[in-house]
Amino acid sequence: MRKKIVAGNWKMNKTISEGIEIINEFKKLIETRPAKDVQIVIAPSFIHLTEFASLIKGIAFLGAQNCGDEENGAYTGEVSAPMLKSAGVDYVIIGHSERRQTYHESDSVINKKIKVVLKHKLIPIFCCGERLYEREKGIYIEIVKQQIENGLFDLSPGDFTKIVVAYEPVWAIGTGKTATPEQAQEMHRYIRNLIESKYGKSIAEMSAILYGGSCKASNAKELFNKPDVDGGLIGGASLDASEFLEIIHSF
Ligand code: PGA
């Protein structure tokens, strides 16, 4: 059976003490409603990581939102994969649309990051998704195909089995405009078929494909009900402990 995953992407939000408050509230809530068969990932900012590593042990996996594309050296402002590993990180979000657009990360930089993350035994959550005008022009499938082929398809089959894919239509991120369950399913099915054409049926069937973009407690159930949607990458709604727990219980 495929992994079900709900990952919270906190983005650039919350001070250390505010973050700890949310985690403590989440811990209290989840003790009364434990989640079965769902991997929970919390990806706060870098400054929260070491503090959260012990706080969330046994409840959730620790995620980072980005990673340097080199292992060490003179790269002011960057944080490397070995550093993340040493902080107790398990998952790393790579290629988020905010990184692609605001920080101009190209497919080749993203590909390099994926490889350095894998080398240090971290699990990449690879993000892909089209912008609004690309959907309106009807080229959204082609855009996602290119992102996946350029970002991932030179990996060995063994490495590919470690990847988690997150489909996040850019027009749905932080806008309150969610993809319909049918739109999500169409793309998730397409992605799984694309993986199958490159790596074969069994790897495609095992690959977790998450949906992201204004996913919240009120729409998570209908999205997660779709056969090729294996969970979510949650931004805004992951900052609210009870809303996040509700999403976790939406399978
Ligand atoms: P959102 O963000 O849930 O706030 O739309 C999702 C994401 O960017 O991962």
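The shown structure was predicted, so the numbers you read here are calculated from the model rather than taken from an experiment. The figures here come from the full heavy-atom set of this structure, side chains too, leaving out hydrogens, waters and symmetry mates. Remember, it's 1-based here, ligands and their atoms both numbered in the order they're listed.
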More than 12 heavy atoms of other residues, nucleotides or ligands under 6.0 Å from [atom1] of [X]: is that the case?
X: Glu134; atom1: CD; result: yes
X: Asn72; atom1: CG; result: no
X: Glu21; atom1: CD; result: no

> Linking I/L/V/M/F/W/Y whenever their side-chain heavy atoms sit closer than 4.5 Å, directly or via other members, would Ile123 and Ile59 fall into one cluster?
Replying inline: no
Would you mind telling me if ligand 1 is within reach of the side chain of [X], the backbone, both or neither, using heavy atoms under 4.0 Å?
X: Lys216; result: neither
X: Ala172; result: backbone
X: Ile173; result: both

Quick test: of every protein heavy atom, which one is nearest to [atom], and how far off is it to 0.1 Å?
atom: atom 7 (C) of ligand 1; answer: Glu168 OE2, 3.1 Å
atom: atom 4 (O) of ligand 1; answer: Gly236 N, 2.9 Å
atom: atom 3 (O) of ligand 1; answer: Gly235 N, 2.9 Å

> Tyr91: what forms a ring pair (Phe, Tyr, Trp, His ring centres under 6.0 Å) with it, not counting sequence neighbours?
Replying inline: Phe61
> Does Ser214 come within less than 4.0 angstrom of ligand 1, counting non-hydrogen atoms of the residue?
Replying inline: yes
>> Which residues pass the side chain to side chain donor-acceptor pair (under 3.5 Å) test with Arg131, not counting sequence neighbours?
In response: none
> With atoms numbered from 1 as shown, which atoms in ligand 1 lie under 4.0 angstrom from a non-hydrogen atom of His96?
Replying inline: 7 (C), 8 (O), 9 (O)
> Considering only heavy atoms of Gly213, which atoms of ligand 1 have at least one such atom less than 4.0 Å away?
Replying inline: 5 (O)
>> Applying ring pair (Phe, Tyr, Trp, His ring centres under 6.0 Å) to Trp171 and Tyr140, what does each step give before you reach the verdict?
In response: CA-CA 11 Å; Trp171 47 272; Tyr140 55 102; 8.8 Å; no
